[in-house]
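See structure below.
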Amino acid sequence: MPELPEVETVVRSLRPLLIGRRITGVEMPQNGPNSSARARLRRILATPAKDFSRRLCGARVTDVRRYGKNVLIELSPPGEETDVRCLLVHLGMTGRLVWHDTPETRSPHTHVVFALDAPGCWLHYTDIRRFGKLRLADPRGKELSKLGPDPLEISREAFYERLRSRRAMVKSLLLDQRFVRGIGNIYADESLFRACIHPAAIASRLNRERASRLYDGIRETLTHAIELGGSSISDYVDAQGRAGWFQLEHQVYRRTGEACPQCGTLIRRMVIASRSTHFCPRCQRGPTRPGLRPVAIGRSTPHVAPRTRKGIPARRDAEKPPTTRGFSP
DNA sequence: AGTTCCCTGAGG
DNA sequence: CCTCAGGGAACT
């Protein structure tokens with residue numbers, strides 16, 4: 001579930017490995033279960049496989065950026081070596097971009113292997129569920145322009161104005177990439193908890209103070225998650241195969257029936273926008289009741305102190321990343 | 001604005 | 001066997 005913090009972590013780990021390097025080859029292994037390689041690739045590549053490979057070969061990486069949940073690998077300008085400006089990667093649910101020292105694929109779910117102009121440098125795109133996408137695009141093109149503002153860049157006032165005009169449930173809006181880009185199910189739930197706002201609250205009914213609290217909740221949650229390298233649930237790792245640690249600090253996400261870390265009330269689950277939604281019915285009271293706050297909120301003081309649960313060990317691959325095999329930068 | 005589907009693996 | 005997990009496109 002790569003969301004903003006996971007994609008940001010992938011981008012940061014990718015930058016020193018890719019910038020300045022040339023793509024010298026693109027291989028698409030013919031392995032994998034069930035469907036044919038052609039069928040698998042059609043879901044992942046927007047361009048026919050042959051053209052995809054041909055147009056990328058020779059391109060040099062000039063920059064690697066994050067745009068919402070997308071990884072933008074920017075390439076040398078058109079005319080110089082290739083007509084392609086940008087390789088846009090969306091990791092979907094289970095997509096990984098991982099550096100390997102061999103082009104050989106270990107996983108039947110590795111769909112694309114990029115060869116780079118340095119010895120022992122291959123970038124593998126692996127995606128078990130194939131919700132991800134690789135496409136050749138113009139970063140100023142229309143697909144990215146549909147996305148809303150980045151929650152770490154928008155101003156407090158602009159955020160409030162956007163919320164004010166919408167009658168949807170606030171959680172649905174946070175998940176809507178046209179409203180803000182980069183938030184997914186984990187960080188929507190965690191941000192709402194941090195802001196003490198009920199996920200089913202109607203956006204336009206949030207007053208300035210609550211909107212402001214949500215703004216801070218989102219930013220603090222995302223910033224903290226980025227510092228910890230994201231959340232490694234499902235099988236997320238960065239480009240060097242390292243897992244994140246933020247899953248140990250989830251307050252409500254997938255903690256249905258456990259005690260709220262703030263007040264001890266049992267965490268509840270409901271479905272909003274066809275997604276599991278986890279919240280504390282006491283700390284995040286009534287969808288339409290304004291201004292209820294069980295605890296004082298400081299602007300820069302987190303409402304909930306970071307906490308690591310005792311007795312819950314880190315995921316195995318968090319301690320021992322499974323995809324780092326003899327990597328040497 | 002809400003629902004369904006895609007896809008695979010985990011867990012009951 | 002079954003249900004659940006979910007980003008986002010394509011529906012209603």
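Order of the sequence lines fixes the chain letters, A, B, ..., with proteins taken first and strands second; residue numbering starts at 1 for each chain. What you see is a predicted model, and the numbers here were worked out from it, not measured in a lab.
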Residue-phosphate contact under 4.0 Å: Arg130(A) side-chain N/O, dT8(B) OP1/OP2: yes
Set of residues satisfying salt bridge (charged side-chain N to carboxylate O under 4.0 Å, His left out) with respect to Arg208(A), sequence neighbours excluded: Glu157(A)
Touch class at under 4.0 angstrom, heavy-atom based, for Arg166(A) against every strand present: sugar-phosphate
Bending between helix ends of the helix from dA1(B)-dT12(C) to dG12(B)-dC1(C) [5 pairs per end, 10° resolution]: 50°
Arg162(A) to Phe179(A), cation-pi by 6.0 Å centre distance and 45° axis angle: yes
Atom-to-atom span, CD1 of Ile44(A) to P of dC7(B) - whole angstrom: 11 Å
Under 4.0 angstrom between Tyr187(A) side-chain N/O and dG6(C) OP1 or OP2: no
Any N/O pairs under 3.5 Å between the protein and nucleotides 10-12 of chain B? List them or say none.
none

Residues clustering with Leu175(A) (ILVMFWY side chains joined when closer than 4.5 Å, directly or via others): none
Salt bridge (charged side-chain N to carboxylate O under 4.0 Å, His left out) against Arg60(A), all qualifying residues, sequence neighbours excluded: Asp117(A)
Carboxylate-amine/guanidinium proximity below 4.0 Å for Glu190(A) and Arg194(A): no
Any His109(A) side-chain nitrogen or oxygen under 4.0 Å from OP1 or OP2 of dC7(B): no
Sugar-phosphate only, base, or nothing, as touched by Ser276(A) at under 4.0 Å among non-hydrogen atoms: sugar-phosphate
Identify all pairs in which a protein N or O lies below 3.5 Å from an N or O of nucleotides 8-12 of chain C, and state each distance.
from	atom 1	to	atom 2	distance (Å)
dG8(C)	OP1	His90(A)	NE2	2.3
dG8(C)	OP2	Lys69(A)	NZ	3.3
dG8(C)	O6	Arg275(A)	NH2	2.9

Interatomic distance where CE belongs to Met93(A) and C1' belongs to dC6(B) [whole Å]: 12 Å
Partner residues of Arg254(A) under the side-chain hydrogen bond (donor to acceptor under 3.5 Å, both in side chains) criterion, sequence neighbours left out: none
Integer-rounded Å distance: dC6(B) P and Arg129(A) CZ: 14 Å
Tell me which donor-acceptor pairs under 3.5 Å the side chains of residues 132-140 of chain A have, and how far apart each pair is, sequence neighbours excluded?
from	atom 1	to	atom 2	distance (Å)
Arg135(A)	NH1	Glu143(A)	OE1	2.7
Asp138(A)	OD1	Arg140(A)	N	2.7

Residue whose closest nucleotide on DNA chain B lies nearer the 5' end, Ala168(A) versus Arg43(A): Ala168(A)
Partner set under ring pair (Phe, Tyr, Trp, His ring centres under 6.0 Å) for Phe279(A), not counting sequence neighbours: His198(A)
Sugar-phosphate only, base, or nothing, as touched by Arg269(A) at under 4.0 Å among non-hydrogen atoms: sugar-phosphate
Fellow cluster residues of Ile128(A), listed by chain then number, with links counted only when side-chain atoms sit under 4.5 Å apart: none
Other cluster members, Tyr67(A) - Ile/Leu/Val/Met/Phe/Trp/Tyr, side-chain contacts below 4.5 Å: Leu72(A), Leu88(A), Leu144(A), Leu147(A)
Nearest-angstrom distance from the residue atom CG of Asp127(A) to P of dG7(C): 13 Å
Residues in ring pair (Phe, Tyr, Trp, His ring centres under 6.0 Å) contact with Tyr215(A), at least two apart in sequence or another chain: Phe159(A)
